[in-house]
Peer 1: 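Here it is, the structure in full.
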Amino acid sequence: MENVEKFTRDDGISRYKSGFTWRSVMAIIFSAIFLTPVVIFSNLLGVGGEIDIAVYITLLFFTEIFMFFHKPLTQQEISLIYCTAWLPIGTMSGAMIFLGYLYNGYFAQSPIAAMFKDPLTGQSIRELIPWWYAPSYHSDVYVIRTFFDYDWLGPIIISLSSMILSLLMTVALAMIIINLYIEVESLPFPLANVDASICKTLGDREPFRMKALMIGAVIGLFYGTILFAIPTISAGVFGVEARVLPIPWIDLNSYIERILPGASLGIATDLLPYVWGPNFPFDILISMVLGSFAVWFFGNALALNLPYFPEWQREWTPGMSVSLIFQRATLWVWASPQIGFTLAVAAFSIIKYRKPLLRAIKSMRLLTASAKTAGYFPLKISILMYLVGSLGSVGLFMYLIPDFPLWILLLMFVGYPFITAIVAGRIMGETSFQVSIPYAWQGAILASGYPKPEVWFAPVPVTAGEQAVGQMYMVKILTLTNTRPGDFFKSLIIIFPLSVVASFVYVSLFWTIAPIPSVFYPSTVINWPVQAAIQGLWVSRQLNVFKPNLIMGGFILILLIASILNFIPSIPFSIAAFVGGTFQTVPVPLAMLIGYLFGRYVISKKIRNWDNIKASIAGGVTLGEGMSIVLAASAVIVAKSLWTLPY
C-alpha cells in the first residue's frame with residue numbers, strides 16, 4: 001500500500017501543496033455549469049452514469065487540453081478536480097434540487113397520493129400535503145410549468161434553508177472524523193489508494209505506472225463496453241436490451257433456495273470488485289465476507305423459521321432475485337437489527353479507541369501552524385458549525401410542526417448524525433465502503449407516536465453523518481497526493497451556489513420542453529410512480545420497521561462478538577468491517593476476496609512487481625469502465641434528443 005509523508009503537527013511545516021488554482025477552479029465551474037444539464041438529462045432518461053459523466057469528462061478534458069498547450073496540470077490540481085467534479089450532482093449539492101421539487105409536485109397532484117388515506121382523519125393524502133412541501137394539486141404551476149410563481153416560494157425557501165443547515169453539520173462532522181481517522185488513527189482506506197493512483201499517474205506521467213494505468217484502462221474500456229455499453233445503447237436507441245452478461249451479477253438464488261430457502265447468493269460480473277480486492281488487507285476482506293454471508297445467506301434463511309419476521313415469511317417466494325431479496329429482507333428483517341449493529345460498533349469504538357478520539361479532539365483544539373495551513377478548522381469552529389446546523393434544523397422543524405416531540409428531534413438531529421459519522425467513518429476507513437442505516441427516520445417517527453401526516457414531508461438532516469463520511473474519503477485521496485485538504489471545502493463553497501442556479505435554469509428548460517413526468521423523460525414515468533407508491537405506504541402507516549427488541553438484540557450480539565474477539569488478537573477480524581459486510585449483498589465482498597486470492601497466489605507469481613502496480617491497474621480499470629459508461633450514456637442522450645427536432 002502506498003503511503004505519503006503527511007505533515008507533522010509539531011514541526012510547523014506543511015508538506016501539502018495547494019491544488020486550488022485558476023485552472024482547477026475553471027474545471028470545477030465547467031462541471032457545475034456545463035455538465036449539469038447532461039447529468040440532469042441522463043437522470044431523466046434513466047441511462048445512468050451520472051457520476052462517471054461528471055468526473056471522467058472533466059478530468060480527462062482538462063488534463064489533456066493543458067497537456068496539449070504544454071502546461072500540464074499538477075498532481076494536486078488533478079486530484080482536486082477528481083475529488084470535486086462529482087460534487088454538483090452529489091447528495092450535498094443543488095444540481096438535482098429542482099428536479100426534486102418536481103417530484104414533490106408530482107406526488108402532491110398524483111392519483112397515487114389520492115389513493116392513500118390518512119389513518120387519523122380518513123382524508124386522502126393528497127388533500128393533506130403541507131404548503132412547504134409542494135404547491136397544492138389545485139395550483140396552476142403544474143399547467144403553465146414554471147418555478148416563477150408564489151406557490152413555489154415556500155417549498156424552495158424551506159428546502160434551501162434545510163440544505164444549508166445540513167451542509168454546516170456535514171462539514172463540521174467531516175472535520176472531526178478526518179482528524180480522527182486520517183490524521184490520528186491513519187486508517188487504511190484501501191480504495192483511496194486506487195483513486196489516488198489515477199491522479200498521481202496522470203500528474204507525473206511516470207512511464208512504469210502510466211503503462212500499468214493504460215493497460216488497466218484498455219481492459220476496463222473493453223470489458224465495460226461488453227457489460228454496460230452494449231445493453232445501454234441497444235436499450236436506449238433501439239428499445240431492445242442486448243445483454244452479453246447479466247448485470248451486476250449472475251443470480252444463483254434459484255439453485256441455492258432448493259437447499260437453503262431464503263438464502264441469497266450471486267457471482268459479480270463487474271470487473272471492479274475483483275481488481276479492488278488485491279488492494280485490501282486480508283482481515284478486512286474476510287470480515288466483510290463473513291458479515292455479508294451471516295446476514296444475506298444464513299440470516300435470511302434463519303429468519304424464515306423464526307417467529308419475529310411474519311412479513312418476511314409471508315412475502316418470500318421461490319424465484320426471488322438477489323436484488324429483490326436485498327430490498328424486501330432489508331425492510332422486513334434487517335432494518336431494526338442493523339440499527340443495533342451500528343450502535344454496537346459506536347459503543348465499542350468509543351470505548352476501545354477512546355485515546356485516539358481524545359487525541360483527535362485535542363489536536364483540533366490546539367491546531368499547529370501546519371494544521372491551519374492544511375485547511376483544518378479548530379474544534380470550537382467545528383462544534384459551533386455543528387450546533388448551528390443541528391439546532392437550526394430543530395428550530396426549522398419546530399416552526400413547521402410545532403407539536404412534534406422535541407426529544408426525538410434532539411436525538412435524531414443532534415445525536416444520531418454524530419454517531420453515524422463515527423461508525424460509518426470507521427467502516428469507510430477500514431473497508432472504503434459507505435454504509436447507510438435504512439429507515440432510521442421512519443422508525444423514529446413511528447416510535448414517537450406522532451399521528452399527523454405532515455411529519456413525513458418535513459426536511460430532515462439525518463444523513464449528515466453519512467455525507468460527512470463521503471467528504472472524508474475525498475480528503476483521504478487528497479492527502480495521498482499531497483494536496484491541501486482545505487481546498488476541498490473551498491471548492492464546495494463555489495460549487496453549491498453555482499449548482500443551485502444551474503439546476504434552476506436547466507430543470508426549468510427541460511420542463512418547458514415537455515411535461516415532467518412524461519414519455520419524453522422515460523425514467524420519470526417508470527420510477528416516480530413506484531417511488532410515490534412507497535411514499536404513500538409510509539405516510540399512511542402501512543409499513544412498520546421499528547422493532548425495539550430486534551434493535552437491542554442486534555446491539556447485544558455485535559457487542560458480544562466484538563468483546564470476545566478483542567481478547568483474541570491472533571484472529572484476523574475487524575468488527576467494523578464485519579458490520580460493513582452486513583450492509584453488502586454477498587456478490588461484491590465475495591468477488592473482492594476472490595480477486596485478493598487470485599492476485600496473491602497467481603498473479604504475484606507471474607509478475608514480480610505486482611504489489612507496486614496493483615493500485616494503478618485497478619485505477620485504470622476504474623477509469624476504463626467509467627469511460628465506457630460515459631460513451632454509452634452520451635450516445636443514448638444524443639439519440640433520445642433527436643426525435644424532438646422538426647425533421
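Here the structure is a predicted model, which is why all the values come from computation and not from measurement.
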Peer 1: Please lay out, stage by stage, how Ile267 and Leu590 fare under the test side chain to side chain contact (heavy atoms under 4.5 Å, CB included).
Peer 2: CA-CA 8 Å; Ile267 303 296; Leu590 179 61; 4.3 Å; yes
Peer 1: Indicate yes or no: at least one non-hydrogen side-chain atom of Phe280 is less than 4.5 angstrom from one of Ser432.
Peer 2: yes
Peer 1: Any side-chain heavy atom of Pro281 within less than 4.5 Å of one from Ile284?
Peer 2: yes
Peer 1: Counting N and O atoms only, with roles assigned by atom type, does the side chain of Trp456 sit under 3.5 Å from a partner on the main chain of Gln535, one being a donor and the other an acceptor?
Peer 2: no
Peer 1: Ignoring hydrogens and geometry, is there a side-chain-to-backbone donor-acceptor pair from Ser197 to Ala615 under 3.5 Å?
Peer 2: yes
Peer 1: Give a yes or no on whether the backbone of Ala577 and the side-chain of Thr431 come within a donor-acceptor separation of less than 3.5 Å.
Peer 2: no
Peer 1: State the CD1-CD1 distance between Ile571 and Ile286, to the nearest 0.5 angstrom.
Peer 2: 12.0 Å
Peer 1: Between Tyr274 and Thr269, is there a donor-acceptor pair closer than 3.5 Å when you use the side chain of the first and the backbone of the second?
Peer 2: no
Peer 1: Answer yes if the ring centres of Tyr596 and Phe282 are under 6.0 angstrom apart, and no otherwise.
Peer 2: yes
Peer 1: Whether the side chain of Asp118 engages the backbone of Ser540 through a donor-acceptor N/O pair (distance < 3.5 Å, no angle test) should be reported.
Peer 2: no
Peer 1: Decide yes or no for Phe578 and Ile558: does some side-chain heavy atom of the first lie under 4.5 Å from some side-chain heavy atom of the second?
Peer 2: yes
Peer 1: Test side chain to side chain contact (heavy atoms under 4.5 Å, CB included) on Thr342 and Phe583; report intermediate values, then the result.
Peer 2: CA-CA 11 Å; Thr342 305; Phe583 288 83; 3.8 Å; yes
Peer 1: Yes or no on side chain to side chain contact (heavy atoms under 4.5 Å, CB included) for Leu187 and Ile182, after CA distance, side-chain angles and deciding distance?
Peer 2: CA-CA 6 Å; Leu187 294 182; Ile182 295 179; over 6 Å; no
Peer 1: What is the ring orientation for Trp441 with Phe413, classed by angle as parallel under 30°, tilted 30 to 60°, or perpendicular over 60°?
Peer 2: tilted
Peer 1: Assess the residue pair Asn279 and Lys614 against the criterion (side chain to side chain donor-acceptor pair (under 3.5 Å)); give the C-alpha distance rounded to whole Å, side-chain angles, the decisive distance to 0.1 Å, and a yes or no.
Peer 2: CA-CA 7 Å; Asn279 295 279; Lys614 60 185 180 182; 5.3 Å; no
Peer 1: Is the distance from the ring center of Trp316 to that of Phe309 below 6.0 Å?
Peer 2: no
Peer 1: Do the side chain of Arg426 and the main chain of Ile422 share a donor and acceptor less than 3.5 angstrom apart?
Peer 2: no
Peer 1: Do Ile112 and Tyr106 come within less than 4.5 Å of each other through their side chains, counting heavy atoms only?
Peer 2: yes
Peer 1: Just verifying a value: how many Å separate Ile603 CD1 and Leu597 CG, rounded to the nearest 0.5 Å?
Peer 2: 11.5 Å
Peer 1: Is there a side-chain contact between Leu252 and Ile250, using heavy atoms and a 4.5 Å cut-off?
Peer 2: yes
Peer 1: For the residue pair Ser321 and Asp251, establish whether any side-chain heavy-atom pair is separated by less than 4.5 Å.
Peer 2: yes
Peer 1: Is any side-chain heavy atom of Val194 closer than 4.5 Å to a side-chain heavy atom of Thr622?
Peer 2: yes
Peer 1: Please round to the nearest 0.5 Å and tell me the distance separating atom CG of Leu557 and atom CZ of Phe341.
Peer 2: 6.0 Å
Peer 1: So which of Gln327, Glu315, Glu311 actually passes side-chain hydrogen bond (donor to acceptor under 3.5 Å, both in side chains) with Trp332?
Peer 2: Glu315
Peer 1: What's the separation between atom OH in Tyr308 and atom CG in Leu550, rounded to the nearest 0.5 Å?
Peer 2: 8.5 Å
Peer 1: When you look at Tyr223 and Leu245, which way does the side chain to side chain contact (heavy atoms under 4.5 Å, CB included) test go after all the steps?
Peer 2: CA-CA 11 Å; Tyr223 190 82; Leu245 292 170; 3.6 Å; yes
Peer 1: Using a 3.5 Å distance criterion without hydrogens, assess whether the side chain of Trp312 forms a donor-acceptor pair with backbone atoms of Ala303.
Peer 2: no
Peer 1: Counting neighbours of CZ on Phe297 that are heavy atoms of other residues, nucleotides or ligands and sit closer than 6.0 Å, is the number greater than 12?
Peer 2: yes
Peer 1: Which atoms form the tightest heavy-atom contact between Met412 and Pro417, and what is the distance?
Peer 2: O-CD, 3.1 Å
Peer 1: Nearest 0.5 angstrom please: Glu625 CD to Thr225 OG1, how far?
Peer 2: 9.5 Å
Peer 1: Can you give me the closest heavy-atom contact between Asn253 and Leu265, atom names plus distance?
Peer 2: OD1-N, 2.9 Å
Peer 1: For atom CZ of Arg541, is the number of surrounding heavy atoms from other residues, nucleotides or ligands below 6.0 Å larger than 12?
Peer 2: yes
Peer 1: Could you give the distance from CE (Met592) to CD1 (Ile594), rounded to the nearest 0.5 Å?
Peer 2: 11.5 Å
Peer 1: How about Thr582 and Trp334: do any of their side-chain heavy atoms sit closer than 4.5 Å?
Peer 2: no
Peer 1: Just by distance, do the side chain of Trp296 and the backbone of Ala263 share a donor-acceptor pair under 3.5 Å?
Peer 2: no
Peer 1: Write down the atom of Ala212, the atom of Ser616, and the distance for their closest heavy-atom approach.
Peer 2: CB-CB, 3.9 Å
Peer 1: Within the distance-only criterion (no hydrogens, no angle test), does the side chain of Gln442 pair as donor or acceptor with the backbone N or O of Trp538 below 3.5 angstrom?
Peer 2: no
Peer 1: Provide the closest heavy-atom pair for Gln313 versus Pro307 in the form atom of the first, atom of the second, distance.
Peer 2: NE2-N, 4.4 Å
Peer 1: Would you confirm whether Tyr416, through its side chain, and Ala440, through its main-chain N or O, come within 3.5 Å as a donor-acceptor pair?
Peer 2: no
Peer 1: Test side chain to side chain donor-acceptor pair (under 3.5 Å) on Asp195 and Tyr473 and set out the steps.
Peer 2: CA-CA 10 Å; Asp195 292 302; Tyr473 181 81; 2.5 Å; yes
Peer 1: Testing the basics here: between Tyr439 and Ala335, what is the closest heavy-atom pair and its distance to 0.1 Å?
Peer 2: CD1-CB, 3.8 Å
Peer 1: For Ser287 and Phe573, which heavy atoms make the closest approach, and how far apart are they?
Peer 2: OG-CA, 3.4 Å
